[in-house]
Student: 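One structure is given below, represented as structure tokens, and several questions about it will come after.
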There are 2 protein chains.
Amino acid sequence: MAEKSPQGPRERYRAQVRAEIKEHAREQIATAGASALSLNAIAKQMGMSGPALYRYFAGRDELITELVRDAYRSLADAFRAAAAPGADAAGLAHALRDWALADPQRYFLVYGTPVPGYHAPDDITRIAAEIMTTLLDAFTPPPPGDSGGPLQEHLAGHRDWAGDHPAPPAALRRALAFWTRLHGALSLELAGHFSGMGFDPAVLFAAELDSVLER
Amino acid sequence: MAEKSPQGPRERYRAQVRAEIKEHAREQIATAGASALSLNAIAKQMGMSGPALYRYFAGRDELITELVRDAYRSLADAFRAAAAPGADAAGLAHALRDWALADPQRYFLVYGTPVPGYHAPDDITRIAAEIMTTLLDAFTPPPPGDSGGPLQEHLAGHRDWAGDHPAPPAALRRALAFWTRLHGALSLELAGHFSGMGFDPAVLFAAELDSVLER
DNA sequence: CAGATTTCGTTAGAGGTTATCAGGGAGCGT
DNA sequence: ACGCTCCCTGATAACCTCTAACGAAATCTG
């Protein structure tokens with residue numbers, strides 16, 4: 001709450017350069033993956049020489065972390081926008097797929113291969129929790145006639161991740177299934193594992209969504 | 001079939017050094033991820049200096065490709081071994097989870113974030129097809145009383161990926177669900193997205209497996 | 001308005017990486 | 001035992017991240 005919109009022209013310029021750096025970084029990641037991101041190449045594209053970027057980011061890791069943060073926030077925004085009217089889970093699902101297809105590497109920035117040592121900063125974890133809250137909202141209250149099952153019983157006793165959300169166990173189970181099943185179909189599609197297989201990934205995605213909604 | 005066991009001591013030595021290089025590479029990847037794999041570091045560990053490794057691998061990419069190939073073959077072997085007795089899908093699922101938990105980074109070598117430009121060699125694609133065949137075997141014939149659904153109808157007309165396998169559409173649908181749902185639960189678990197959430201990933205995995213088997 | 005101070009971007013350089021190349025030495029096969 | 005092939009080393013080039021020191025420009029302050 002301390003620094004909102006930049007007051008001085010100095011911070012204004014600074015913010016703009018930071019944004020431009022991230023722009024180039026996003027482009028690089030989209031075309032060659034996050035591991036190919038080069039600060040030097042970005043500097044060259046911007047007409048300045050190497051170390052100048054260290055005025056704006058402490059290093060490569062911080063830049064990537066910032067992009068991961070942006071990706072999380074972007075997903076959270078897309079989710080909230082899709083949930084705005086009446087908390088329809090199908091709408092959330094399509095928002096998720098659209099968001100993922102718009103920039104696959106951004107999806108992998110969030111859900112891709114983790115670096116063994118890396119631990120996300122607290123604020124990113126908080127955005128992830130916000131996404132989860134939106135998801136829980138969409139499944140609360142759950143439709144009647146729910147089967148239950150061992151997982152639902154287990155979740156009834158292990159609901160730390162729901163925080164103080166009033167979602168009943170059935171909603172927890174559905175939200176979890178929504179997350180894992182759609183991620184399963186989506187990540188394999190984005191990674192190209194369906195490419196030579198001949199079927200339409202959208203049909204699979206729709207079927208997985210139905211499996212979450214109808215049962 | 002041409003070159004089985006090395007005949008000369010020359011090729012024998014060569015194969016052993018290649019294996020040792022891969023051993024160190026695997027270790028590095030397991031502890032720091034594939035992006036942190038350094039040929040130089042491997043050479044240093046083996047007591048030789050840098051460029052010597054280029055006698056055994058054309059470069060970093062070929063080494064990684066080889067490790068990906070090994071990972072695929074390892075998964076295919078684990079799958080076939082689990083399917084040997086009576087083609088039980090639950091056995092396959094547990095074999096998959098055990099295989100993944102034994103070395104998460106190896107799992108991500110197969111199912112992790114793809115490099116945009118990269119295209120897997122044909123022999124790797126063939127191993128992937130072999131895995132799929134094992135999976136289709138396990139679901140053929142499918143249990144009776146199957147619901148069908150839009151996905152199953154779609155797959156009935158788009159079964160290129162099944163090759164000449166006699167699996168009926170219901171088996172295709174189940175095999176696909178097995179793959180995507182278990183991958184969804186497993187990859188999120190391995191990536192640590194469930195870490196602070198308080199529930200047991202094994203219970204989720206079992207529930208997802210049930211969802212594939214029972215419906 | 002003028003001086004002090006902060007900030008920016010540069011060059012230089014250390015230390016890391018992949019990868020190529022030329023040459024010496026060791027082991028293998030005949 | 002000789003010749004040949006293959007292995008390994010050191011040098012080198014071209015990248016990379018990141019630090020340090022310096023000059024220049026813009027901002028803030030008296």
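Note that the coordinates shown come from a computational prediction; the quantities given were computed from them, not determined experimentally. Every chain is numbered from 1, with letters handed out A, B, ... down the list of sequences.
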Student: Do B:R174 and B:F139 form a cation-pi contact, if we require the NZ or CZ to be under 6.0 Å from the six-membered ring centre and within 45 degrees of the ring's axis?
Tutor: no
Student: Expressed as a whole number of angstroms, how long is the span from A:L63:CG to D:dC18:C1'?
Tutor: 14 Å
Student: Please classify the nucleic acid contact of A:Y56 as base, sugar-phosphate, or nothing, using heavy-atom distances under 4.0 Å.
Tutor: sugar-phosphate
Student: Measure the distance from CG on B:L37 to C1' on C:dT17 and round it to the nearest whole Å.
Tutor: 12 Å
Student: Would you say the side chain of A:V110 lies within less than 4.5 Å of the side chain of A:W99, judging by non-hydrogen atoms?
Tutor: yes
Student: Roughly how many Å is it from CG in B:L39 to P in D:dC16, rounded to a whole number?
Tutor: 18 Å
Student: So if I take every side-chain heavy atom of B:R55 and compare against C:dT10, C:dT17, D:dC7, which nucleotide ends up nearest?
Tutor: D:dC7
Student: Send over the distance from A:I21 CD1 to C:dG9 C1', rounded to a whole Å.
Tutor: 12 Å
Student: Base, sugar-phosphate or nothing for B:F57? Non-hydrogen atoms, less than 4.0 Å.
Tutor: nothing
Student: Are OP1 or OP2 of C:dC8 and a side-chain N or O of A:Y54 less than 4.0 angstrom apart?
Tutor: no
Student: Less than 3.5 Å between a donor and an acceptor, one on the side chain of B:R10 and one on the base of C:dG29, is that the case here?
Tutor: no
Student: Rounded to whole Å, how long is the line connecting atom NZ of B:K44 with atom P of C:dT18?
Tutor: 11 Å
Student: Check this one for me: any side-chain N or O of A:S49 less than 4.0 Å away from OP1 or OP2 of C:dG9?
Tutor: no
Student: Mind calculating the distance between CZ (A:R14) and C1' (C:dG9) to the nearest angstrom?
Tutor: 13 Å
Student: May I ask you to say what B:R60 touches in the nucleic acid, namely base, sugar-phosphate or nothing, with a heavy-atom cut-off under 4.0 Å?
Tutor: sugar-phosphate
Student: May I ask you to establish whether B:R18 and B:F57 are in a cation-pi arrangement, using a distance under 6.0 Å from NZ or CZ to the six-membered ring centre and at most 45° from the ring axis?
Tutor: yes
Student: Separation of B:M48 atom CE from D:dG10 atom C1', in whole Å?
Tutor: 15 Å
Student: Measure from CD1 on A:I42 to P on D:dT17 and round the result to the nearest Å.
Tutor: 8 Å
Student: Below 4.0 angstrom, N of the basic side chain to O of the carboxylate: do B:D70 and B:R73 qualify?
Tutor: no
Student: Between C:dA19, D:dT17, C:dG23, which nucleotide has the shortest distance from any of its atoms to the side chain of B:P51?
Tutor: C:dA19
Student: Reckon B:L53 touches a base, only the sugar-phosphate, or nothing at all at heavy-atom distances under 4.0 Å?
Tutor: nothing
Student: Compare every heavy atom of B:L67 with every heavy atom of B:A25, then report the nearest pair and how far apart it is.
Tutor: CB-CD1, 3.7 Å
